[in-house]
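Have a look at the structure below, then the notes.
Values reported hereafter were calculated over all heavy atoms of this structure, with side chains retained and with hydrogens, waters and symmetry mates removed. Naming convention: chains lettered A, B, ... in sequence-line order (proteins, then strands); numbering from 1 in each chain.
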Amino acid sequence: MDSETLMATFLRRGILWPTAEIYGGIQGFYDYGDAGGAIKRNLESAWDRWFVGLSPGYYRIEPAEVLPEAVLRASGHLANFADPLVTCDSCNERFRADTLLEEWGEKDVEGLRVEDLQARISQINKKCPKCGRGKISPPKAFNLMFGVDVGTEGRERAYLRPETAQSSYLAFSRLWNVMRKKLPLGVAVVGKAYRNEIAPRQVLFRMRAFTQAELQIFFDPEEPAASWKLPVDAKLPVLTARRRARGDTEHLLTPASELVASGEMPEFYAYHLYMSYLFYRDILGYPERSLRLFEKNEKERAFYNRIQYDIELKLESLGGFKEMGAVHYRGDYDLSRHSEGSKSDLGVTLDGGKHLLPHVLELTFGIDRNIWGLADVHLHKDQDRTFWSLPSYLSPLVAGVLPLIPKEHGALANSLYQSLRSEGFRVTIDEAGSVGRRYARLDEVGVPFAVTVDRDSLTNGTFTLRARDAKTQQRLSLPEIILELRRASVSPVPSSVGPTAP
RNA sequence: GCGGACAUAGUGUAGUGGUUAGCACGCAAGCUUCCCAAGCUUGCAACCCGGGUUCAAAUCCCGGUGUCCGCACCA
């Protein structure tokens, strides 16, 4: 689906719109509407069922969105997320002020304040290293974090979290005790993160407030869980850094066992990469050919990541592969930084006396961009209608109830609607316009079923159940319909696809 | 942030100084209709914001905001 049609559909159907739209909006912020919000919640819950469901030792927490400065100092965000930038006034090239000074041979520039950097730069007064002509502008602090002042006098410096992961690291020590001291321990967070992006763009792809779903798995690298075993036939569509370095640009569906045997990645990593891939392929229904696992090389990935594959989806609307999620092997970076920063030992002692600082494997997903992805991949237009073939458990509603002739079937339709609601289904009732028009309205927001009440319904209590994609109908009784809708409402869990949990 | 383009009903658009601001889809009410955006009737709904030029501005100029494209950024 092209991005214009996609966005027009989103706006027209109230999936989402710019925040504070009537005031002209605010760059990088969007609000979800009723259907959009429902899809988002369903996606989050499908994610939860899949990833938190990977093991009984995995838990989901709901932490605060504001973090004290000390946390972000320890995590490295304060230093790395607030670059003082300078610009060449001739060629417009941009540099980090501190690295530019280092390039000029200056010493001890690490951690200088913006004013000091400014003084040093104007003192040296060299030309732009790129074009050799331009003058370098005074440095400007670009803090990519939103600061908040806590307390009525704003004495305490804090920030909106720039990623949800930190909250999981902070919770580790308590959960270690609460969850009875076992590794691996998984701590999931689904929630908002905030980044003051320089140039937010492409709607749901670079937002300043966005939702992440992240699972941090704390484990013993010397003894990964026994259950982290790949199915024998597991294949991964990888583009490894090694092959990229040779100039290859195409991903290859490679047996996971081969990647492990050749030392490309350890099995615990391959297992989680595979489970993440399955989530996209089987739960979100992204076509196999549109997915690839793109390894970031040493230069591209964050310095603390030992292995990083981005899970990328080929999007027609954005003209290429885009990152939808990632699997990061972060080693013991996080717990060691927070041990140091908080002056508390986050190491653990296992049953048997072994002491270690657990390593972290991070599975991270952008919820909003996947809503865009679901539309890009599943929103179809044929000659006479637009239909969104969303996986049924992600749909905002499981069914619409339609009286064929409202005057004649309205009353029965209403009681059917009430019955389905009391069964716990998300349903709507629509009596306005021709039945074809009403089908089309449901199709466009991805509702998988329409239950139509007709003449026969009045006499024998059966209804037609119409499927969104094929437009086929079958005549069923209420209990049969309930069974069908029940099945459609539930997203798959790992045991039904992958290996079983410990 | 820089450079360029753009901004008209809910959506897509027409309108280059004087228009009752047009069209399509949509939406609402009614009629019709036993199954896929059908038809008929009636109705709803717009010039991004703020200044300026002009007798007169959706239209020209300036500023802002937002969107898109390229560059940069994306720990």
For B:C55, the Watson-Crick or wobble partner whose two distances fall under 3.5 Å | B:G18

Separation between the P atoms of B:G64 and B:G1, rounded to whole Å | 11 Å

When only distance counts, do a donor and an acceptor, one from the side chain of A:R206 and one from the base of B:C73, lie under 3.5 Å apart?
-> yes

Salt bridge A:D430-A:R437, side-chain N to carboxylate O under 4.0 Å | no

With nearest nucleotides of RNA chain B determined for A:M7 and A:R195 from heavy-atom distances, which residue corresponds to the more 5′ nucleotide?
-> A:M7

Between B:C48 and B:C6, how far apart are the P atoms? Round to whole Å, please.
-> 14 Å

With a non-hydrogen cut-off below 4.0 angstrom, is A:S3 in contact with a base, only sugar-phosphate, or nothing?
-> nothing

What distance, rounded to whole Å, do you find between the two C1' atoms, one in B:U33 and one in B:A38?
-> 9 Å

Pick the P atom in B:U11 and in B:G70, then give their distance to the nearest Å.
-> 25 Å

First encountered from the 5' end of RNA chain B, between A:P406 and A:E197 | A:P406

With C1' as the reference atom in both, quote the distance from B:C25 to B:C61 in angstrom, rounded to an integer.
-> 36 Å

Which is true for A:G25 with a 4.0 Å heavy-atom rule: it touches a base, it touches only sugar-phosphate, or it touches nothing?
-> sugar-phosphate

Just name whichever nucleotide pairs with B:G63, Watson-Crick or G-U, keeping both distances under 3.5 Å, else none.
-> B:C49

Please determine, for the side chain of A:I198, which listed nucleotide (B:C73, B:C34, B:A37) has the closest atom?
-> B:C73

Centroid-centroid under 6.0 Å between A:F51 and A:F279 rings | yes

A:Y30 vs B:U67: side-chain N/O to OP1/OP2 distance below 4.0 Å | yes

With no angle test and no hydrogens, is the base of B:C35 tied to the side chain of A:Q473 by a donor-acceptor pair under 3.5 Å?
-> yes

Name the nucleic acid region contacted by A:T9, choosing base, sugar-phosphate or nothing; use a 4.0 angstrom heavy-atom cut-off, strictly under.
-> nothing

Can any side-chain N or O of A:R468 pair as donor or acceptor with the backbone N or O of A:L390 at less than 3.5 Å?
-> yes

Quick one: is A:K407 getting a side-chain N or O under 4.0 Å of the B:C31 phosphate, OP1 or OP2?
-> yes

At their closest point, which heavy atom of A:L374 faces which heavy atom of A:Y286, and how far apart are they?
-> N-OH, 3.6 Å

Only residue of A:K296, A:R292, A:R369 satisfying salt bridge (Lys or Arg N to Asp or Glu O under 4.0 Å) with A:E312 is A:R292

If you measure only the distance, is there a donor-acceptor pair under 3.5 Å linking the side chains of A:N460 and A:T462?
-> yes

How is A:A8 classified with respect to the nucleic acid when contacts are heavy atoms under 4.0 Å: base, sugar-phosphate, or nothing?
-> sugar-phosphate

What does A:Y304 touch in the nucleic acid at a heavy-atom separation under 4.0 angstrom: a base, only the sugar-phosphate, or nothing?
-> base

Same-atom distance (P) from B:A58 to B:A21, integer angstrom | 10 Å

Pairing partner (Watson-Crick or G-U wobble, both distances under 3.5 angstrom) of B:A37 = none

Validation row, ring centre A:F365 to ring centre A:Y280 under 6.0 Å = yes

Distance-only polar pair, side chains of A:H380 and A:S389, donor-acceptor under 3.5 Å | yes

Heavy-atom contacts under 4.0 Å between residues 428-442 of chain A and RNA chain B, which residues?
-> A:S434, A:V435, A:G436, A:R437, A:Y439, A:A440, A:R441

Identified pairing partner of B:G43, criterion: Watson-Crick or G-U wobble below 3.5 Å | B:C27

Using only side-chain N and O atoms of A:Q27, determine if any of them is under 4.0 Å from OP1 or OP2 of B:U67.
-> yes

Separation of B:G12 atom P from A:R13 atom CZ, nearest Å, is 15 Å

Starting at atom CD1 of A:I22, determine the distance to atom C1' of B:G66, rounded to an integer number of angstrom.
-> 15 Å

Figure out the CD/P separation between A:Q474 and B:C36, and round it to whole Å.
-> 18 Å

Distance between P atoms of B:U67 and B:C60 (Å, rounded) = 23 Å

Hey, is the side chain of A:R385 pairing donor to acceptor with the base of B:C36 inside 3.5 Å?
-> no

Sub-6.0 Å ring centroid separation between A:Y333 and A:H328 = no

With rounding to whole Å, what would you report as the distance between B:A24 and B:C40 at their P atoms?
-> 12 Å

